[in-house]
Q: 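If you scroll down you'll find the structure; I have some questions about it.
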Amino acid sequence: MENTKRKFFAAVEEFSPDSGVVVALSGGADSVCLLDLFLECGFAHPVAAAHFNHNLRGEEAKRDEDFCIELCKKRGVKLFLGSADVNALAKINGKGVEEAAREARYAFLESVIESNTGFSYIATAHNRGDMCETMLLNLARGTSLDGMCAIPKRRGNIIRPILDVSREEILAYNKSRSLEFITDSTNLDDKYSRNRVRLNIMPEIKQLYSGYEENFARAARLFRRDSDYIAGEVEKKYTEVVKDGVMYTENAQNIHLSILSRIVKKLYNYHGFKDLTEAHIDAICEKIISGDKNFELSLHSSYALCERGKLTFIKTLPEADEFCIDINIGESVTLPGGITVTLSKEKKEGAYPLKESALCGRLTLRSRREGDTVTVFGKTHKIKRMIADKKLSVNEKSKLFFLTSDGEIIYSNIPATADKAFCRRGDICIYITVKEERHEQ
């Protein structure tokens, strides 16, 4: 009992909460123990409890709720109640029941402290056994270093004061204090992954290493120490290579992959996306390290877009406007992408010569079409292939135009000039001038 109190005191002193705490109360042994510790150990701020009914166990779930109501009434603790149809939420959102339950529960807990002044912290009753199970599950899923840190003692306004306390210590504390609690029958159902680990795997590990919980806890501390150091280095480098949500990839080329991968993920999250896989991170980092300044990568629900060494993440790729506009020699036409094209018999600065005899019939400026080709040096080239070979950025592709004569492409700003329009010495030429409207950033 005293050991449990000591660990609780040390944790609360480390957190230094400066406001009221809402204890997540399920009615089980762990949360009952945590609530009692807050009430009996002279905590300086208000203590309340919150119970969430997942509506997964029928009458038993109602029993749990009633137990929490009666317990808080006896102890003089304010109780907040919440509920949701978790099975329905899981189906609607395409998630597993465990994940849906967790999301709904934490959303409720956050709403409690947001709507009740005087309470700023949520205390959950995760213990050392939970931490060991999380480490093992994360490792099986192929986690990174951060995942091996398991459950943090604190994440934002969520604190876990008995994370260093074992299940045996919790039960001993409850017995010494004559604390009643209830048991969730689903804790014995090994169809859930965590229960399967707890019921079947952890006892086997204990047979091999009786002190495995302390060993796991020590490993988690070491992982957390290294992770904290790396996080500090990431923050330093992030401010060097990212400005206003844009990474300047040339400055990031020589950053160690361990740091660079985290910078990429941080930038991705900055833009409001959450589903970046390790495979995606590796692909993006490979592009950066190789010095590729123009690329686009399709991710789950977004795109990585790098143009002229500036990397960002967007929901959808910009698409070029479709257009087909007539133009005559001596005229200027402004295209949807902000480019002005002029055909003139007079040579001007920056103008490109085209053979006059090729500019016959109807002249048009149009956007790219599927199957477009142009004949250059006696060979017919697919425009799609030429664009890929030149590694045009999305922005550059959106500003492409094609000058056609009676439907045949004779010039494009890829750039490409058809053989029939190539102007040689002695030919009569028409000059094409292309000017792009520029905006100050």
Side-chain angles (χ1 to χ4, degrees), residues 4 21-40 47-93 95-113 115-116 119 122-127 129-130 133 158 160-162 165-200 202:
T4 300
V21 170
V22 175
V23 175
L25 182 66
S26 68
D30 303 340
S31 62
V32 167
C33 172
L34 179 60
L35 179 62
D36 188 77
L37 285 166
F38 269 111
L39 295 176
E40 295 299 318
V47 176
H51 177 80
F52 188 75
N53 187 339
H54 303 89
N55 289 296
L56 292 173
R57 293 176 288 116
E59 288 301 316
E60 186 176 292
K62 183 64 169 61
R63 177 210 66 179
D64 296 353
E65 184 176 305
D66 291 342
F67 175 86
C68 292
I69 292 172
E70 187 63 26
L71 172 62
C72 290
K73 184 178 178 181
K74 287 180 181 178
R75 303 299 298 267
V77 174
K78 183 176 180 61
L79 176 65
F80 300 98
L81 295 173
S83 67
D85 185 343
V86 169
N87 272 323
L89 288 175
K91 290 177 182 177
I92 291 170
N93 299 317
K95 296 182 177 180
V97 172
E98 287 177 283
E99 184 180 4
R102 182 183 182 281
E103 289 181 357
R105 182 170 63 254
Y106 275 98
F108 162 66
L109 293 171
E110 290 287 353
S111 71
V112 167
I113 62 172
S115 57
N116 290 275
F119 295 97
I122 299 164
T124 67
H126 291 94
N127 60 54
D130 296 318
E133 293 157 13
I158 300 172
R160 301 180 173 96
I162 57 173
V165 181
S166 70
R167 176 73 172 177
E168 288 76 12
E169 289 172 321
I170 288 170
L171 293 175
Y173 178 89
N174 289 353
K175 184 177 181 180
S176 69
R177 294 275 302 150
S178 301
L179 299 177
E180 295 182 357
F181 56 87
I182 52 178
T183 301
D184 182 343
S185 64
T186 61
N187 288 340
L188 301 177
D189 186 349
D190 67 1
K191 74 177 181 182
Y192 299 111
S193 57
R194 184 173 290 274
N195 285 355
R196 190 173 299 177
V197 169
R198 178 181 300 139
L199 298 172
N200 302 325
M202 288 308 183

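Both backbone and side-chain heavy atoms feed into the values below; hydrogens, waters and symmetry mates do not.
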Q: I need the K95 NZ to N93 CG distance, nearest 0.5 Å.
A: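 So the NZ of K95 and the CG of N93 are separated by 5.5 Å.
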Q: Measuring from atom OG of S166 to atom OH of Y173, what distance do you get when rounded to the nearest 0.5 angstrom?
A: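 The OG atom of S166 sits 14.5 Å away from the OH atom of Y173.
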Q: Treating D85 as the side-chain partner and A88 as the backbone partner, does any N or O pair qualify as donor plus acceptor under 3.5 Å?
A: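 Yes, D85 side chain to A88 backbone: donor-acceptor pair under 3.5 Å.
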Q: For residues R194 and E98, report the shortest heavy-atom separation together with the two atoms involved.
A: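 Closest approach of R194 to E98, heavy atoms only: N-OE2, 4.0 Å.
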Q: Step by step, would you call L81 with I69 a side chain to side chain contact (heavy atoms under 4.5 Å, CB included)?
A: CA-CA 9 Å; L81 295 173; I69 292 172; 3.9 Å; yes
Q: Does the pair R160/D130 count as a salt bridge with the N-to-O cut at 4.0 Å?
A: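 Here R160 does not pair with D130 in a salt bridge, since their nearest N and O are not under 4.0 Å apart.
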Q: Please table the atom pairs, donor to acceptor, closer than 3.5 Å between any side-chain atom in residues 106-113 and protein atoms at least two apart or in another chain.
A:
{"residue": "E110", "atom": "OE1", "partner": "N157", "partner atom": "ND2", "Å": "3.3"}
{"residue": "S111", "atom": "OG", "partner": "F108", "partner atom": "O", "Å": "2.5"}

Q: Working to the nearest 0.5 Å, report the span between CG of L79 and SG of C68.
A: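 Interatomic distance, L79 CG to C68 SG, rounded to 0.5 Å: 6.5 Å.
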Q: Could you measure the distance from the CG atom of N127 to the CG atom of L171? Nearest 0.5 Å is fine.
A: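 Result: 9.0 Å between the selected atoms.
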Q: Minimum heavy-atom separation for S31 to V23, with atom names?
A: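 Heavy atoms only, the tightest pair is O-CG1, 4.3 Å.
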Q: Would you be so kind as to tabulate the donor-acceptor pairs closer than 3.5 Å made by side chains of residues 49-58, with sequence neighbours excluded?
A:
{"residue": "H51", "atom": "ND1", "partner": "L25", "partner atom": "O", "Å": "2.8"}
{"residue": "N53", "atom": "OD1", "partner": "N55", "partner atom": "N", "Å": "2.8"}
{"residue": "N53", "atom": "ND2", "partner": "E65", "partner atom": "OE1", "Å": "3.2"}
{"residue": "H54", "atom": "NE2", "partner": "R105", "partner atom": "NH1", "Å": "3.0"}
{"residue": "N55", "atom": "ND2", "partner": "A84", "partner atom": "O", "Å": "3.0"}
{"residue": "R57", "atom": "NE", "partner": "D184", "partner atom": "OD1", "Å": "3.1"}
{"residue": "R57", "atom": "NH1", "partner": "E60", "partner atom": "OE2", "Å": "2.4"}
{"residue": "R57", "atom": "NH1", "partner": "D64", "partner atom": "OD2", "Å": "3.0"}
{"residue": "R57", "atom": "NH2", "partner": "D64", "partner atom": "OD2", "Å": "2.4"}

Q: For residues I122 and V21, determine if any side-chain heavy atom of one lies less than 4.5 Å from a side-chain heavy atom of the other.
A: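 No - every pair of side-chain heavy atoms lies 4.5 Å or more apart.
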Q: Locate the shortest heavy-atom distance separating G27 from F67; write the atom from each residue and the value.
A: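 So the two residues come closest at O-CE2, 3.7 Å.
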Q: For G28 and F181, which heavy atoms make the closest approach, and how far apart are they?
A: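 Taking G28 first and F181 second, the nearest heavy atoms are C-CB, 3.8 Å.
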Q: Heavy atoms only: give me the nearest A29-N174 pair and the separation to one decimal.
A: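 For A29 versus N174, the nearest heavy atoms are O-ND2, 3.1 Å.
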Q: Out of curiosity, L34 CG to I170 CD1, how far, rounded to the nearest 0.5 Å?
A: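 Those atoms lie 8.5 Å apart.
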Q: How far does CZ of R75 sit from CG of L35, to the nearest 0.5 angstrom?
A: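 Those atoms lie 6.5 Å apart.
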